[in-house]
Amino acid sequence: MPETVGDIARKLAHDAERVCRTYLPAGHREGHYWLAGDVQGSKGRSLYVRLKGGDRGKGAAGKWTDAATGEHGDLLDLIALNLGHDQLSATLDEARRYLALPKVADHHDRDMVRAPAGSRKAAQRLFAACSLIASTPAESYLGGRQLHHLRTERWLRFHPHCWYRPSEDDPPGTANAFPALIAAVTDDAGTITGIHRTWLDPARRDKADIATPRRAMGDMLGHGVRLGNAGPVMAIGEGLETMLSWRMMLPTMPTIATLSAAHLAALEWPTDVQRLYVVRDDDAAGDAAWIQLDDRAGARGVELIPIVSPTGNDLNDGLMALGRNRLLSELAPQLRSEDIERYQIGA
């Protein structure tokens, strides 16, 4: 009878150090752990694999955790991520080859499709590994964008060593981890469905000088980064810094950043909303999102009000160029006067 998935995982765990030397050759042993930089086997210390232990539980041999991403699993999971497998069958074939076990034609042990590395669970684990932004490079970065008083925002966090996969556009030797501002993407019930990472260069109080300093992971469609609790009047828009800039002017108005024009159009807004300010980009993608939102709002009787930055760029550029008071003054003709009076309390 062919070995089950559990049998194969246990065989790998019993030989955990040799597995690590094979798939993570740039790592090294320290005590009862094998340390490496990531699941691809880069040099570093954020990923650690337990080499000794029992057969079950968190203390079992072969269990690993990447402190930079929050990912964890057993040695089958490690091999799958190391080799970029999408199918469990490919990972089982590789493990059987490694263990010199006979290959089988079909695998009926469990679902053949692995959950993607960028899943909801991965996003939730990463967010759970983060700290508050107070006195961190994330707070310094936001302050450099004139975004202040954000320590109490529920869905903003900081990770000191967040894993980054260099792309072909990055120069050789690009680091595989940087400090990062982490923003949780949630549904209307407050469940984390994804996260948005902004990798940082603390020395410059700016984004890291890499090809893609912003990346999202998880289930994004219909969801967003929510700032404040839902209410009858809300503001929605694309960029995180854009909507945090809105928050600087009207700090008590509930706000959602959707992170892209496509997600702006698909946002599932709360059922009791009556008026939506849409902070939109003045481009083709912004036009397309506005048309879809306008159709949906009309069908539900929601008042939709477009907002365009008076500087012609995004709202954060306007905040940095004009300052909070002047930007609010120049935006005022686009706003309901009662909303200005109500939602800037505490500014």
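In this chain, residues are counted from 1 in sequence order.
- For L200 against L181, the heavy-atom pair with the smallest separation is CD1-N, 3.8 Å.
- Electrostatic pairing of D188 and R226 counts as a salt bridge here, judged by a charged N lying under 4.0 Å from a carboxylate O.
- With 3.5 Å as the limit, one finds a donor-acceptor pair spanning the side chains of N316 and S245.
- Shortest non-hydrogen contact noted between A257 and G239 is CB-O, 3.8 Å.
- R326 and S329 are not linked by any side-chain donor-acceptor pair at a separation below 3.5 angstrom, with hydrogens and angles left out of the test.
- Looking at every heavy atom in both residues, W199 comes nearest to C162 through NE1-O, 3.1 Å.
- Of the inter-residue distances, the one linking K43 atom NZ with D38 atom CG reads 13.0 Å to the nearest 0.5 angstrom.
- Residue D294 qualifies as enclosed at atom CG: its count of foreign heavy atoms under 6.0 Å is above 12.
- Among all heavy-atom pairs drawn from A266 and R296, the shortest one is C-NH1, 3.7 Å.
- Atom CD of E303 and atom CG of L276 lie 9.5 Å apart (nearest 0.5 Å).
- Between atom OG1 of residue T193 and atom NZ of residue K121 there is a gap of 15.0 Å, rounded to the nearest 0.5 Å.
- Side-chain atoms of T252 come within 3.5 Å of backbone atoms of Y343 as a donor-acceptor pair (strictly under, hydrogens ignored).
- Looking only at distances, a side-chain donor or acceptor of Q334 sits under 3.5 Å from a matching main-chain atom of V308.
- Of all heavy-atom pairs spanning G41 and N82, the tightest one is N-ND2, 4.3 Å.
- The aromatic rings of Y164 and F178 stand perpendicular to each other, their planes meeting at an angle above 60°, with 30° marking the opposite boundary.
- Put simply, the side chain of R29 never gets that close to the backbone of L51: no donor and acceptor are under 3.5 Å apart.
- The ring of W64 has its center no closer than 6.0 angstrom to the ring center of Y33.
- Partner of E241 under the salt bridge (Lys or Arg N to Asp or Glu O under 4.0 Å) criterion, out of R214, R145, K207, R247: R214 alone.
- Using a 3.5 Å distance cut-off with no hydrogens or angles, the side chains of Q344 and R324 do pair a donor with an acceptor.
- Counting heavy atoms from C-beta outward, P179 and P160 have side chains that stay 4.5 Å or more apart.
- Residues L83 and Y23 have side chains in contact (heavy-atom distance under 4.5 Å, counting atoms from C-beta outward).
- A donor-acceptor contact shorter than 3.5 Å links the side chain of D170 to the backbone of A211.
- Between M249 and L327 there is a side-chain heavy-atom pair separated by less than 4.5 Å.
- Here CG of D209 is found 9.0 Å from CG of D206. Values are rounded to the nearest 0.5 Å.
- Remark: the backbone N or O of L12 is not paired with any side-chain donor or acceptor of D15 at under 3.5 angstrom.
- Inspection of the S42 and N176 side chains reveals an N or O donor paired with an N or O acceptor under 3.5 Å.
- Side-chain contact between V185 and I192 is absent, with no heavy atoms from C-beta onward closer than 4.5 Å.
- R342 is not listed as a side-chain neighbour of S337, based on a closest heavy-atom distance of 4.5 Å or more.
- You'll find the side chain of I236 stays beyond 4.5 Å of the side chain of T255, heavy atoms only.
- Atom-to-atom distance recorded for T91:OG1 and L76:CG is 7.0 Å, nearest 0.5 angstrom.
- Taking a 6.0 Å sphere around NE2 of H28, one finds it holds more than 12 heavy atoms contributed by other residues, nucleotides or ligands.
- Here the shortest heavy-atom pairing between D66 and V39 reads OD2-N, 4.5 Å.
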List the steps, then state whether salt bridge (Lys or Arg N to Asp or Glu O under 4.0 Å) holds for D339 with R275. CA-CA 10 Å; D339 292 336; R275 179 158 60 245; 3.0 Å; yes
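- Between the side chain of E139 and the backbone N or O of S135, at least one donor-acceptor pair lies under 3.5 Å.
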Before giving the answer on side-chain contact (heavy atoms from CB on, under 4.5 Å), spell out for M248 and L150 the whole-Å C-alpha distance, their side-chain angles and the decisive distance to 0.1 Å. CA-CA 9 Å; M248 294 304 97; L150 297 171; 3.7 Å; yes
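- Under a cut-off of 6.0 angstrom, the local environment of CG in D295 is crowded, with over 12 non-hydrogen atoms contributed by other residues, nucleotides or ligands.
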Show, in sequence, the C-alpha distance, side-chain angles and deciding distance for M253 and W246, and conclude whether the side-chain contact (heavy atoms from CB on, under 4.5 Å) test is met. CA-CA 9 Å; M253 182 181 291; W246 180 273; 3.4 Å; yes
Take Q274 and V302 through the test side-chain contact (heavy atoms from CB on, under 4.5 Å) and record every step on the way to the result. CA-CA 5 Å; Q274 299 171 13; V302 175; over 6 Å; no
Criterion side-chain contact (heavy atoms from CB on, under 4.5 Å) on H196 and I182, from CA distance to verdict: CA-CA 6 Å; H196 182 264; I182 307 295; over 6 Å; no
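- No salt bridge links R280 with E238; every basic N to acidic carboxylate O contact stays at or beyond 4.0 Å.
- Here CG of L75 is found 6.0 Å from SG of C20. Values are rounded to the nearest 0.5 Å.
- Judged by distance alone, with hydrogens and angles left aside, the side-chain atoms of Y277 form no donor-acceptor pair with the main-chain N or O of L335 at under 3.5 Å.
- Counting only distance, with no hydrogens or angles, the side chain of W34 and the backbone of L24 share a donor-acceptor pair below 3.5 Å.
- At distances below 3.5 Å, not a single donor-acceptor pair connects side-chain atoms of R96 with backbone N or O atoms of L101.
- By the 4.0 Å N-to-carboxylate-O rule, R21 lies close enough to E17 to be salt-bridged with it.
- At a threshold of 4.0 Å, the pair R45-E30 counts as salt-bridged, since one of the basic side-chain nitrogens sits closer than that to a carboxylate oxygen.
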